[in-house]
Peer 1: 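Dropping a structure here in structure tokens format, bear with me for questions.
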Amino acid sequence: MREAGEKIACLTCYDASFALIEDRAGVDLILVGDSLGMVLHGGTTTTPVTVDQIVYHSRCVAPHLKRAFLVADMPFLSFATLDRALDSAQRMMQEGGAKMVKLEGGREQASIVEYLAVRGVPVCAHLGLQPQFIHKMGAFKVQGREEAAADAMAHDAKVLAEAGADLLLLECVPAALGRRIAEQSPVPVIGIGAGHDVDGQILVLHDILNISPTVRLGRRPRFVKNYMQGAPDIESAIRAYVQEVKGGAYPAPEHCF
Ligand code: KIV
């Protein structure tokens, strides 16, 4: 899709009913994200999410996808050592039906990415805002605003792709940095709050349906758009998201940093 110049429309999903709808609505990539700890369980962070929970929800989703590509998220500390990373990825692919795993972190995760990649595990490396680091960072905020931080992130992206990552995900970075990383990257770059000039977009399902605790409590992140507004039903809302990603209408300047 990247080579063909077609934007990749990605969305999170955690159950069978939404898997069917998202697949039918044309979502290209579905992520069983550890965001389930916040949107399904009502937590304030993703820290408590376990491998068992990701595997369970992946199993709910996987059988219902005819065309979408399924990615499962490696939760907090599930890839802290090479052995744990391999065990977690094995469970997500063999039990959960995922075709790729996603893990948060920069160049310090390169050895884990390589260890998985050479064993046949496709990996998406998640850079920028890394919600699993919330207790180190103290707050969810835009990353890579300063030149040194932007340079470090661009370098991390290069190192992770060289280590074997097949996909990069960039969360909450200035649009200019999103463009810079996408331009230099040999693999597709998916953004969430990373501007327009990346290869695809991802959002959290419950955010675009305007039902997540975050948006209900009035803490809507800048990059979130309510697709239920004006939509007759959920499938139409998701279809509109896919069309806007493909057509370039989403993200608009007001969704970017
Ligand atoms: O867990 C998740 O849903 C994610 C997305 C926010 C990209 O990582």
Side-chain angles (χ1 to χ4, degrees), residues 8-15 18-19 22 27-51 53-58 60-61 68-79 88 92 96 98 100-106 109 123-134 137 140-143 153 157 160 165-173 178 181-182 188-195 198-209 211-215 219-225 227 238 241 245 250-251 255 257:
I8 306 167
C10 317
L11 195 58
T12 68
C13 186
Y14 320 95
D15 69 29
F18 280 110
E22 290 190 26
V27 175
D28 300 308
L29 180 153
I30 284 180
L31 171 70
V32 176
D34 63 358
S35 51
L36 68 84
M38 298 171 84
V39 296
L40 300 191
H41 304 159
T44 52
T45 72
T46 57
T47 311
V49 176
T50 64
V51 171
Q53 289 167 347
I54 297 286
V55 169
Y56 171 82
H57 287 281
S58 299
C60 296
V61 170
F69 183 81
L70 183 63
V71 181
D73 217 357
M74 303 270 256
F76 184 60
L77 294 185
S78 65
F79 50 98
S88 305
M92 285 171 196
M100 176 180 272
V101 300
K102 173 171 87 58
L103 53 86
E104 292 182 15
Q109 304 300 351
V123 179
C124 170
H126 181 152
L127 293 160
L129 176 65
Q130 296 157 33
Q132 291 174 15
F133 284 74
I134 182 65
M137 295 183 311
F140 296 117
K141 54 178 189 252
V142 181
Q143 303 292 306
M153 205 186 299
L160 288 162
D166 293 294
L167 193 63
L168 300 178
L169 189 148
L170 271 186
E171 180 165 354
C172 261
V173 303
I181 291 178
V189 177
I190 307 299
I192 172 166
V198 288
D199 303 301
Q201 301 291 331
I202 187 162
L203 286 173
V204 170
L205 170 67
H206 293 57
D207 285 343
I208 72 164
L209 299 183
I211 54 171
S212 64
T214 324
V215 298
R219 295 193 302 261
R220 182 191 308 275
R222 186 179 168 93
F223 53 79
V224 169
K225 178 169 175 184
Y227 279 93
I238 296 174
Y241 164 66
V245 169
Y250 177 83
H255 304 119
F257 300 104

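Ligands are counted one by one from 1 in listed order, and the atoms in each one are counted from 1 as well. Residue numbers count from 1 along this sequence. Only a predicted model underlies this, so the values are computations on that prediction, with no experimental measurement involved.
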Peer 1: Return the orientation label for the His255 and Tyr250 ring planes: parallel under 30°, perpendicular over 60°, tilted otherwise.
Peer 2: tilted
Peer 1: On the 0 to 90° scale, with breaks at 30° and 60°, tag the Phe18-His206 ring pair as parallel, tilted or perpendicular.
Peer 2: tilted
Peer 1: Where is the tightest heavy-atom contact between Gln109 and Leu160, given as atom of each residue plus distance?
Peer 2: C-CD2, 4.2 Å
Peer 1: Are more than 12 heavy atoms from other residues, nucleotides or ligands located less than 6.0 Å from atom CZ of Phe257?
Peer 2: yes
Peer 1: Return a table of N or O atom pairs, ligand 1 on one side and protein on the other, at distances under 3.5 Å, rounded to 0.1 Å.
Peer 2:
unit_1   : atom_1 : unit_2 : atom_2 : d
ligand 1 : 1 (O)  : Asp34  : N      : 3.1
ligand 1 : 1 (O)  : Asp34  : OD1    : 2.9
ligand 1 : 1 (O)  : Ser35  : N      : 3.0
ligand 1 : 1 (O)  : Ser35  : OG     : 3.4
ligand 1 : 1 (O)  : Asp73  : OD2    : 3.1
ligand 1 : 3 (O)  : Ser35  : OG     : 2.5
ligand 1 : 8 (O)  : Lys102 : NZ     : 2.9

Peer 1: Name the orientation class of the two ring planes belonging to His41 and His57 (parallel below 30°, tilted from 30 to 60°, perpendicular beyond 60°).
Peer 2: tilted
Peer 1: Quick one: pull up CZ in Arg219 and OG1 in Thr214 and give me the separation to the nearest 0.5 Å.
Peer 2: 6.5 Å
